[in-house]
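Below is one structure; the comments refer to it alone.
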4 protein chains.
Amino acid sequence: MRKSPVQGRSQATVETILEASAQILHREGEAALTTNRIAAHAGFSIGTLYQYFPNRDAILAAMAEREQRRVLARLETELATLDPADPEPAVRQAIRTFLGAFRGRHGVRRAIILATLRRLPKDAKDNASLAEPMLEAIEARCAGHFEPLGEAGRYVLLRAVAGAVRSAAFERSPLLGTEAFEEALVRLVMGMLRPIPATPRRLPEGAGN
Amino acid sequence: MRKSPVQGRSQATVETILEASAQILHREGEAALTTNRIAAHAGFSIGTLYQYFPNRDAILAAMAEREQRRVLARLETELATLDPADPEPAVRQAIRTFLGAFRGRHGVRRAIILATLRRLPKDAKDNASLAEPMLEAIEARCAGHFEPLGEAGRYVLLRAVAGAVRSAAFERSPLLGTEAFEEALVRLVMGMLRPIPATPRRLPEGAGN
Amino acid sequence: MRKSPVQGRSQATVETILEASAQILHREGEAALTTNRIAAHAGFSIGTLYQYFPNRDAILAAMAEREQRRVLARLETELATLDPADPEPAVRQAIRTFLGAFRGRHGVRRAIILATLRRLPKDAKDNASLAEPMLEAIEARCAGHFEPLGEAGRYVLLRAVAGAVRSAAFERSPLLGTEAFEEALVRLVMGMLRPIPATPRRLPEGAGN
Amino acid sequence: MRKSPVQGRSQATVETILEASAQILHREGEAALTTNRIAAHAGFSIGTLYQYFPNRDAILAAMAEREQRRVLARLETELATLDPADPEPAVRQAIRTFLGAFRGRHGVRRAIILATLRRLPKDAKDNASLAEPMLEAIEARCAGHFEPLGEAGRYVLLRAVAGAVRSAAFERSPLLGTEAFEEALVRLVMGMLRPIPATPRRLPEGAGN
DNA sequence: AATGAATGAGGATTCATTCAT
DNA sequence: CATGAATGAATCCTCATTCAT
């Protein structure tokens, strides 16, 4: 960000610019996302745009961040209502919430995903960043019921879920909204979780295990 | 393709152009993949290039296809040696083979994936095409041992595996070559497969389940 | 100047702006000398800057003038101490003083010179303005000892000295501080001066010369 | 140069572009020398221009070089006719030739000088490059008649002459074409040269000096 | 078949300047 | 007096594509 918005006015400007970008992305695809077009669509002059963003890429990055933050916020409030006890319903709800985050403005998400992907030469990390809080929520709630996933296990599970959903979003698959899709995802996650036999409860005293 | 390469020379030219493109992609990234650069690198004039490809996109498409064909060919010969009997080793071998297909020339794969993704406005299909033969091989060999995956199940499993591997390739994750990664993928797949109890059929009454 | 700084505060503001400009010029070169940057560096808003200068060029002009005035002031006080009698030492001292004026803040001088040069489409005059007082000082003191230089002679001598020094400053030549350089300049000036044989007048007949 | 002109056609193109640039410089000053304007004036599209020059600066550099080469060539053929014997006439002729090089297309020279000056952050050398061959010619012909100038002396003499002439050209001084101007320059140069007393010739054998 | 010179619409970006607050 | 958000003409440059040779 080139200039920290001092006056309230400029904050709105930044917001307007980002929203305009999102709309263009949504309606006309990434190729149409030129700086001049953004400015025109936002109703500002190109110069104003460059007051706040050092270059085109920064706009995309800001948009990606904004979109991410939004979805994450939604995700977290919804996940907070997660029932701690039974694992499978918890997973299902998490999945459902996660899927919900992908609804609406596919074009935007799609473009953002692409743009984000493109700009990771080697500093790739947040490739599954949306799925991560989901997994953490599950882990937090179901700790002790499952063997912890190793590093590789976590990595694969996160990317697997994210990959499946992302693909569906990308391909605008009709499956995306269905219960069967949700069910399959739940199975995917549950299949990775290895339950810890509940016996210890029964033998609170003794030469355990 | 503007001109079907009937003569051997023409075929070689096309091949040279595609190889040059792949190398540029690998070495200098997608931004450097301009038609003039391709022509120069291939040792042809830009005019010649346009004798064989109607436009830049066609080159990318041809490259993607070529790369796809190559990997597929390798995949299929290797999968042919799959042991029919025991499911888990079969899955493991399939996974290993699949992973092998992703080794080498990451930059090219990466760029091709991106370029391919970009050019699917709504006609998205081949998003998991590499994983498909793997799944078919497993299904062919282990049919009867598992409940068939439904449409959604198939879809999710394919994209999940492809997504995980693709992410690792994209991020150049150090996990990519490890056994733990392979193991996690095997678990991912096995977790989705619901074994059909083979004996119950023969023993309809008995000490059930 | 858009507004004559009557109050002390205004004067300080103008001074601050000019000093900020000089510093930017010195540290970052002419390309960095944008109005916004000047304002920022001076700690004023761009609007304030335009309260005092009608446009960017005026700032440059004011800077050039200021710099000129400064050097001239120094030059004049130092030249005032010039010993009237012997011509060569007088010339040497004048040269030394002149050279002294070029020390320090080369970047600024350089940039100012360039900027000033650029803005003289046809009204060029002050091209040797710094050397002029030097020559005048010499002439004032040594009048009668030398044939007066003609218009062309004056012109050439001024530009010659100024040119040599300016070049050295521009090229940041290591010669600039050396005695040999000073010596050469003295020779350059002395070579142009044609002494008037002082005695012949008093000894109209005698062992001449 | 981005592309070495293979076909003869392109050589002409480069020449046309440079000539167009020179004309714009001459007629409208440096500010008007934009890439698009050059292209338009040359009768080519902007793309063509960039086939041959990597950026605007390269055009200026090429022009400067071209102009330099031209003047140098003229200078050298004329200096070749220099009479070896008597020093002063030799100097006068050299000066005259040198001055001749500055006639015509002042705007171009002016702009080129400025542009060249601007682009010497610290690698400044050729600041007097036109005067250098002149001095060499004189030195070659009059060796033995004068004490050799030291490094500083050469430096100063070159820049002094170049400076005076350059100033006159810059200021479009009416003196430029006059004999008085030429005469003053000759005196400037001659004043720097310290003749070696011709006596040694008379004492070919003896305790010399 | 091959060449490569030429094209030019269109993109990103800068920066002096204005004016409502 | 001061602010700083907004302006937009103008600049440099790219690159897919064509077509005469």
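Naming: A, B, ... by sequence-line order, numbering from 1 per chain.
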**OP:** Would you write the dot-bracket representation of DNA chain E, where each base gets (, ), [, ], | or . depending on whether it forms a Watson-Crick or G-U pair under 3.5 Å and with which partner?
**Re:** .||||||||||||||||||||
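Residues that satisfy the side chain to side chain contact (heavy atoms under 4.5 Å, CB included) test with A40(B), not counting sequence neighbours, are absent from this structure. By the side chain to side chain contact (heavy atoms under 4.5 Å, CB included) test, E28(A) pairs with I24(A), A32(A), R37(A), sequence neighbours left out. By the salt bridge (charged side-chain N to carboxylate O under 4.0 Å, His left out) test, E15(B) is found to be paired with R66(B), R70(B), residues two or more places apart in sequence or in another chain being considered.
For the pair Y50(C) and N55(C), the tightest heavy-atom approach, listed with the atom from each and the gap, is CE2-CA, 4.0 Å.
Closest to the side chain of R56(C), from the set dA9(E), dG8(F), dA16(E), is dA16(E). Between dT3(E), dT7(F), dG8(E), one nucleotide has an atom nearer to the side chain of S45(D) than all others, and that is dG8(E). When distances run from any side-chain atom of T48(D) to the nucleotides dT3(F), dA6(F), dA6(E), the shortest one goes to dA6(E). Closest approach to the N36(B) side chain among dA6(F), dT13(E), dA16(F) is made by dA16(F) (side chain taken as heavy atoms from C-beta onward). For F44(D), whose side chain is taken as the heavy atoms from C-beta onward, the closest listed nucleotide among dT17(E), dC12(F), dA6(E) is dA6(E).
Between the side chain of Q51(A) and the base of dA5(F), no donor-acceptor pair under 3.5 Å is found.
Across all strands shown, T34(B) has heavy atoms under 4.0 Å from sugar-phosphate atoms exclusively, and none from any base.
Map G43(B) and R37(A) each onto its nearest nucleotide of DNA chain E; the residue landing nearer the 5' end is G43(B).
Among pairs with a residue in residues 38-51 of chain A, none fulfils salt bridge (Lys or Arg N to Asp or Glu O under 4.0 Å), at least two apart in sequence or across chains. Among residues at least two apart or in separate chains, there is no salt bridge (Lys or Arg N to Asp or Glu O under 4.0 Å) pair with a member in residues 40-49 of chain D.
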Residues 41-48 of chain B, side-chain donor-acceptor partners within the protein, below 3.5 Å, at least two apart:
{"unit_1": "H41(B)", "atom_1": "NE2", "unit_2": "Q23(B)", "atom_2": "OE1", "d": "3.2"}
{"unit_1": "S45(B)", "atom_1": "OG", "unit_2": "G47(B)", "atom_2": "N", "d": "3.1"}
{"unit_1": "S45(B)", "atom_1": "OG", "unit_2": "T48(B)", "atom_2": "N", "d": "3.4"}

Would you tabulate the pairs of protein nitrogen or oxygen atoms and nucleotide nitrogen or oxygen atoms of nucleotides 19-21 of chain E closer than 3.5 angstrom?
none

